[in-house]
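This chain uses plain numbering: 1 for the first residue, then up along the sequence.
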Amino acid sequence: MTAALVLHGGAGIWPEDLREEAGAAIERCADAGWAAMAAGPLEAVTAAVRALEDEPLFNAGIGACLTSDGTIEHDAGVMVGSNLAAGAVGSVLGPRHPVEAARAVMEQTRHVLLVGEGAMRFCRASGIEMAAPAMFFTDRRRQGLITSDTVGAVAVDANGRTTVAVSTGGYTGKMPGRLGDSPLVGAGFYADDAVGATCATGTGEGFMRLVLSRQVRDIIAAGASPQEAVERALEMLTTRMGMTGGIIAVGRDGSVGHAHTTDHMPVAVRGGGS
Ligand code: ASP
């Protein structure tokens, strides 16, 4: 058993000239997450995704993509594999770090997913840091220069405790009110200490209909390595939905997997085995 942390910065179309910048950014975020691993895998994925939300290049937190109305609607989720605890928020704009809002839903309510105005009321009342909406808009997104999708992190510690966190703006031009896979347990993310943790990026409508993150968990449970599992799941996304995306995973033993069928997907790995 060995600890591992895997991050992705979104599977999508990444212009060549942004790939180096994205690679450096995700490595910084991996350092932040790995440094927090001493406090446990939930702290590791939270710290990693907080850092990814702060990087304007990625589609989460600051720099999230715009809806067809030119607004931003953040979605985020977290899950803990030891007790299958989960929390998520959808269609919010205000939490400084949407991943913290998802975690607060998990830790402070009896619910799994809060959306829209009710989620915003909860965020204000729960004491998580809020920010002025203007802070999240960047010129690059306004000009449509980046079309990358979603950020996420999966972690396992040396005791086999697994976690996942995900955060996104969805995708450019989505209808206001649209939720994707990212805040949905089983579609965009899953963690189960009996098996491992997994997190997806790509057109959410495909991941939702295939419940693909849960499928990755089941493929690993049936004996595949995380690497084989993410590849098989992406093949399913291609053959059943005709869609592309990316998936990262860790097994409970610290083995790691990541793959994408899109143009590019920034990935960073700390620790782990084959
Ligand atoms: N999965 C996200 C969504 O559909 C965005 C993405 O990763 O493409 O909202």
Side-chain angles (χ1 to χ4, degrees), residues 4-34 45 48-49 51-66 75-76 138-154 164-174 180-182 187-189 198-207 210 212-213 216 226-239 241-250 256-270 272:
L5 173 69
V6 185
L7 282 64
H8 78 78
I13 300 164
W14 280 90
E16 288 286 342
D17 58 334
L18 290 180
R19 292 184 186 190
E20 198 176 319
E21 194 183 330
I26 201 165
E27 291 298 333
R28 284 194 294 277
C29 299
D31 288 342
W34 195 236
V45 292
V49 171
L52 288 160
E53 290 175 340
D54 284 347
E55 295 282 353
L57 197 50
F58 298 124
N59 175 16
I62 296 170
C65 65
L66 307 186
D75 305 330
T138 61
D139 287 342
R140 267 176 173 160
R141 288 289 175 195
R142 284 198 186 94
Q143 294 158 12
L145 295 181
I146 322 176
T147 59
S148 61
D149 304 309
T150 303
V151 303
V154 291
V164 55
V166 55
S167 185
T168 190
Y171 55 73
T172 302
K174 71 180 182 181
D181 60 311
S182 299
F189 62 99
T198 187
C199 174
T201 166
T203 309
E205 282 69 12
F207 287 91
L210 291 171
L212 206 57
S213 289
V216 172
Q227 186 59 40
E228 288 163 349
V230 298
E231 288 171 8
R232 279 167 51 186
L234 286 172
E235 200 179 304
M236 211 182 293
L237 186 66
T238 305
T239 55
M241 294 287 138
M243 291 179 180
T244 55
I247 310 178
I248 57 173
V250 289
V256 307
H258 57 85
H260 60 279
T261 50
T262 56
D263 177 47
H264 184 62
M265 178 174 79
V267 170
V269 178
R270 296 289 182 276

So, for [X] and [Y], which heavy atoms are closest and what is the spacing to 0.1 Å?
X	Y	result
Ala32	Ala51	CB-CB, 4.1 Å
Val216	Ala233	CG2-CB, 3.6 Å
Ala22	Pro266	CB-CG, 4.0 Å
Cys29	Leu52	SG-N, 3.5 Å
Ala259	Glu231	CB-CG, 4.1 Å
Val164	Val45	C-CG2, 4.1 Å

From [atom1] ([X]) to [atom2] ([Y]), nearest 0.5 Å:
X	Y	atom1	atom2	value
Ile13	Leu18	CD1	CG	12.5 Å
His8	Phe58	NE2	CZ	10.0 Å
Glu205	Asp181	CD	CG	8.0 Å
Ile248	Leu5	CD1	CG	8.0 Å
Leu237	Arg232	CG	CZ	15.0 Å
Met243	Met236	CE	CE	15.0 Å

* salt bridge (Lys or Arg N to Asp or Glu O under 4.0 Å) against Arg19, all qualifying residues, sequence neighbours excluded -> Glu16, Asp263
Any donor-acceptor N/O pair, [X] side chain to [Y] backbone, under 3.5 Å:
X	Y	value
Thr150	Thr168	no
Asn59	Gly170	yes
Ser213	Ala187	yes
Thr201	Gly10	no
Thr261	Gly245	yes

* Go through the structure and list residues passing side chain to side chain donor-acceptor pair (under 3.5 Å) with Glu21, not counting sequence neighbours. => Arg140
* To do: Begin with the C-alpha distance, continue with both residues' side-chain angles, and end with the deciding distance and a verdict on side chain to side chain contact (heavy atoms under 4.5 Å, CB included) for Thr244 and Thr238.
  => CA-CA 6 Å; Thr244 55; Thr238 305; 5.6 Å; no
* Could you check Leu7 against Trp34 for side chain to side chain contact (heavy atoms under 4.5 Å, CB included), going step by step and ending with a plain yes or no? => CA-CA 10 Å; Leu7 282 64; Trp34 195 236; over 6 Å; no
* Asked: Does any non-hydrogen side-chain atom of Phe207 lie less than 4.5 Å from one of Ile247?
  -> yes
* Do Val269 and His258 have side chains that get closer than 4.5 Å, going by heavy atoms? -> yes
